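A quick write-up on the structure given underneath.
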There are 2 protein chains.
Amino acid sequence: MATMNDVAKLAGVSVSTVSYALTGVRPVGEKTRARIQAAMDQLGYQPNAIARSLASRRTRIIALLFPAIERGLSGTALEFVTSAAEAARERGYHLVLWPIGNDEVAETRDLLQQRLADGVLVMEVRLDDPRVTLLQQSSTPFTLIGRTAEPAGLDHADIDFDATVREAIDHLVELGHRSIAFLSHSAASQTAGYGPTIRAGESFEKHMADRNLPVVIRHCDDSADAGRATVRELAASQPDLTALVTMNDAATFGAMAELMAHGQRIPEDFSVLSIVSSPKVGAMSHPRLTTMSAPGTELGRLGVASLIERIEGNQTEPLHELIPCRLDAQATTGPGPLADGKLPPREGT
Amino acid sequence: MATMNDVAKLAGVSVSTVSYALTGVRPVGEKTRARIQAAMDQLGYQPNAIARSLASRRTRIIALLFPAIERGLSGTALEFVTSAAEAARERGYHLVLWPIGNDEVAETRDLLQQRLADGVLVMEVRLDDPRVTLLQQSSTPFTLIGRTAEPAGLDHADIDFDATVREAIDHLVELGHRSIAFLSHSAASQTAGYGPTIRAGESFEKHMADRNLPVVIRHCDDSADAGRATVRELAASQPDLTALVTMNDAATFGAMAELMAHGQRIPEDFSVLSIVSSPKVGAMSHPRLTTMSAPGTELGRLGVASLIERIEGNQTEPLHELIPCRLDAQATTGPGPLADGKLPPREGT
DNA sequence: CGTAGATGTCGAAGCGCTTCGACTAAGCGT
DNA sequence: ACGCTTAGTCGAAGCGCTTCGACATCTACG
């Protein structure tokens with residue numbers, strides 16, 4: 001394997017000049033640069049990443065801290081990881097995976113101290129997350145995907161649950177729906193302080209109340225059967241319901257099946273809108289689900305970009321980015337009862 | 001940040017002794033070791049990963065080569081990546097992600113030459129994969145997840161499509177089914193040389209023929225609508241069909257919906273068995289899908305374990321591991337027409 | 001009792017790069 | 001014509017570790 005020394009000899013210059021030609025830290029004469037380039041081409045030279053890291057005290061590696069995920073986010077999570085890795089690569093960085101639980105603080109600290117990573121991307125951030133405290137004490141730059149309860153001073157990018165829920169409600173209200181329930185993640189996720197569950201729930205409550213509409217929220221385990229059970233319960237307790245906002249893909253499938261089993265036609269009689277989902281999942285149902293898709297790719301790219309800026313010291317303002325889910329209106333949302341000539345839609349077209 | 005020098009001074013020994021205490025390469029006296037340990041604890045010392053790598057010429061980093069995945073494997077792929085990262089961490093290795101297309105050979109070569117990774121795990125291997133050729137020429141150890149057309153000399157772990165398909169057929173045949181179709185991935189994946197499509201297709205053909213049963217195979221895009229269309233076509237062309245083996249989650253959901261729309265009760269009239277899937281996906285349907293789940297976790301662990309063995313030089317035999325999918329019999333497979341008192345099941349209970 | 005082989009420790013030489021200080025040769029304003 | 005900045009280059013000193021050779025002790029065995 002060719003080293004910088006080999007290149008230097010072949011080009012008839014010193015190693016430091018080769019280094020400057022490579023990094024651009026100091027100017028290099030045009031002819032010299034050409035000879036160096038030729039030597040590198042001839043030898044097929046690639047700089048040794050490790051040696052470079054040791055000497056420069058910059059590894060160009062960022063770590064992704066992700067608790068092994070049980071929640072059904074899988075599709076989005078993979079998208080996120082992939083896009084983060086791509087964004088890193090575009091900037092000459094590498095992404096390493098650290099599959100460590102939220103509470104394995106000691107392990108995380110040890111890993112940080114090995115100085116393998118210049119910075120850390122934190123996934124699945126809880127409202128109160130011990131890893132964040134650790135990182136604040138360390139000198140390692142970090143960016144949160146998600147956010148703690150008090151994220152003011154911290155770089156973070158998260159789903160804009162509030163805007164997403166508002167848009168979901170708007171979409172249904174414009175279609176004439178007034179009696180809308182929210183089918184969320186499990187009650188356990190709520191008590192565990194899982195950000196999405198809590199933030200989306202609060203937003204749903206607020207935006208429905210703002211419109212003087214009744215607030216109906218159900219927590220539900222992530223399975224089709226749990227979704228069915230919840231719909232059965234709702235059919236009994238909320239007979240005038242005409243639409244469902246869901247944030248739980250597995251339950252959504254069950255819920256739709258159960259609605260149809262109750263003789264509801266979708267979307268003629270009943271609308272379903274799944275948020276923090278994806279068109280891919282939407283395509284798995286029939287009628288094709290109207291979804292609001294999680295911005296996994298955007299979050300990945302943004303988080304990496306911001307983290308690298310911070311590492312390289314070009315960033316002063318903390319990153320506070322909230323990205324709403326994108327609406328992909330398909331076949332499970334349609335005009336509600338008020339649109340059937342009874343009343344005009346409250347807003348819009 | 002404490003260095004090994006600090007530890008050595010505090011413990012009153014030389015750095016080399018500290019190094020030996022840490023690596024165990026040479027024996028260290030009991031009392032000395034205790035003093036070193038105490039010094040490390042007191043300083044909160046963690047060895048610098050980069051310096052260690054440079055000196056030892058071993059980075060303890062393995063790279064995961066994965067083409068950005070379009071196919072619907074997402075759930076399994078994430079499982080795979082996670083388990084690979086965990087297995088690596090358990091052995092003191094790090095996993096870095098290299099999101100590079102199958103054909104980006106130059107990029108892959110450059111990355112390899114940077115010597116960041118001691119070894120490479122290759123995902124989404126095609127029957128004829130240029131990356132494999134590249135790796136064979138390089139000196140970097142590698143393990144395939146999947147396999148090429150001629151994988152004899154290469155370390156690889158893959159799904160045992162043959163055993164999986166055979167078990168799927170057995171399961172249905174034992175239940176009394178005789179007319180079984182196979183719903184596979186797209187025709188495009190077949191012509192592109194996508195291993196799973198081709199191997200599963202060949203196995204289905206063989207095992208059905210072995211049982212003197214008709215071979216019905218349909219390729220289908222990965223969406224519910226495509227699945228529905230295929231079922232409509234089958235209803236016309238293969239009216240006596242009583243069971244479906246599927247390898248395409250999105251299409252499976254559509255297929256089931258269409259079957260029910262045709263008045264087929266599942267599993268009373270018609271059985272569906274989804275292979276290379278997962279119980280999690282199975283739980284999204286009602287009735288709950290009988291699945292054969294892809295061994296993502298096992299493949300990840302196995303691939304990493306074998307790769308590390310090879311890196312460390314403890315492995316002589318090439319890894320040739322084929323793991324079948326696990327059957328999780330749920331509610332979409334039931335007795336076929338022959339079990340209705342007409343004929344006894346061909347085998348088993 | 002002599003000595004071959006462990007055992008235990010140290011100092012020094014790198015690993016392949018970056019970066020600092022120093023130096024020379026131009027180019028510039030005044 | 002004078003210093004002064006800038007461009008361009010070099011040599012050497014590390015970055016924080018591992019590993020090699022050397023050496024001093026200690027044990028065991030014929």
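The structure displayed is predicted, hence computed values, not measured ones. Below, read A as the first sequence line, B as the second, and so on, with proteins coming before strands; counting in each chain starts at 1.
Ionic pairing of B:Asp155 and B:Arg310 is present here: one or more N-O contacts between side-chain nitrogen and carboxylate oxygen are shorter than 4.0 angstrom. Looking at A:Glu312 and A:Arg58, a side-chain N of the basic residue comes within less than 4.0 Å of a carboxylate O on the acidic one, giving a salt bridge. By the 4.0 Å N-to-carboxylate-O rule, B:Arg147 lies too far from B:Asp129 to be salt-bridged with it. A salt bridge is defined here as a Lys NZ or Arg NE, NH1 or NH2 lying under 4.0 Å from an Asp or Glu carboxylate O, and B:Glu104 with B:Arg131 fails to meet this definition.
The nearest heavy atom of DNA chain D to B:Ser19 and to A:Val28 marks one nucleotide each, and the one closer to the 5' end goes with A:Val28. Nearest-nucleotide mapping onto DNA chain C: of A:Asn48 and B:Lys31, the residue sitting toward the 5' end is B:Lys31.
Nucleotide C:dC15 holds its C1' atom 15 Å from the CE atom of A:Met1, rounded to whole Å. Here C:dG14 presents its C1' atom at 13 Å from CG of A:Asn5, a figure rounded to the nearest Å. Per the geometry, CG belonging to B:Leu22 stands 11 Å off C1' belonging to D:dT18, to the nearest Å. Spacing between atom CG of B:Leu54 and atom P of D:dT18 amounts to 11 Å, rounded to whole angstrom units. As rounded to whole Å, 15 Å separates atom C1' of D:dG16 from atom CE of B:Met40. Counting to the nearest Å, the C1' atom of D:dT18 and the CE atom of B:Met4 are 8 Å from each other. The CD-P distance, from B:Gln114 to C:dG16, rounds to 15 Å in whole Å. Here D:dG16 presents its P atom at 15 Å from CD of B:Gln46, a figure rounded to the nearest Å.
Backbone-only contact: B:Thr23 has heavy atoms under 4.0 Å from sugar-phosphate atoms and none from a base.
Between atom CG of residue B:Leu64 and atom CH2 of residue B:Trp98 there is a gap of 10.5 Å, rounded to the nearest 0.5 Å. How far NE2 of A:His156 is from CG of A:Leu319: 7.0 Å, rounded to the nearest 0.5 Å.
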Please enumerate all protein N or O atoms sitting under 3.5 Å from an N or O of nucleotides 10-12 of chain C, with distances to 0.1 Å.
| unit_1 | atom_1 | unit_2 | atom_2 | d |
| --- | --- | --- | --- | --- |
| C:dC10 | OP2 | B:Ser14 | N | 2.9 |
| C:dC10 | OP2 | B:Ser14 | OG | 3.2 |
| C:dC10 | OP2 | B:Thr17 | OG1 | 2.5 |
| C:dG11 | N7 | B:Ser16 | OG | 3.4 |
| C:dG11 | O6 | B:Ser16 | OG | 3.2 |

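Within the structure, every side-chain polar atom (N or O) of A:Tyr45 is placed at least 4.0 Å from both OP1 and OP2 of C:dG16. Using a 4.0 Å cut-off, no side-chain N or O of A:Arg57 falls inside it from OP1 or OP2 of D:dC15.
Between A:Pro324 and A:Leu322, the closest heavy-atom pair is CD-O, 3.8 Å.
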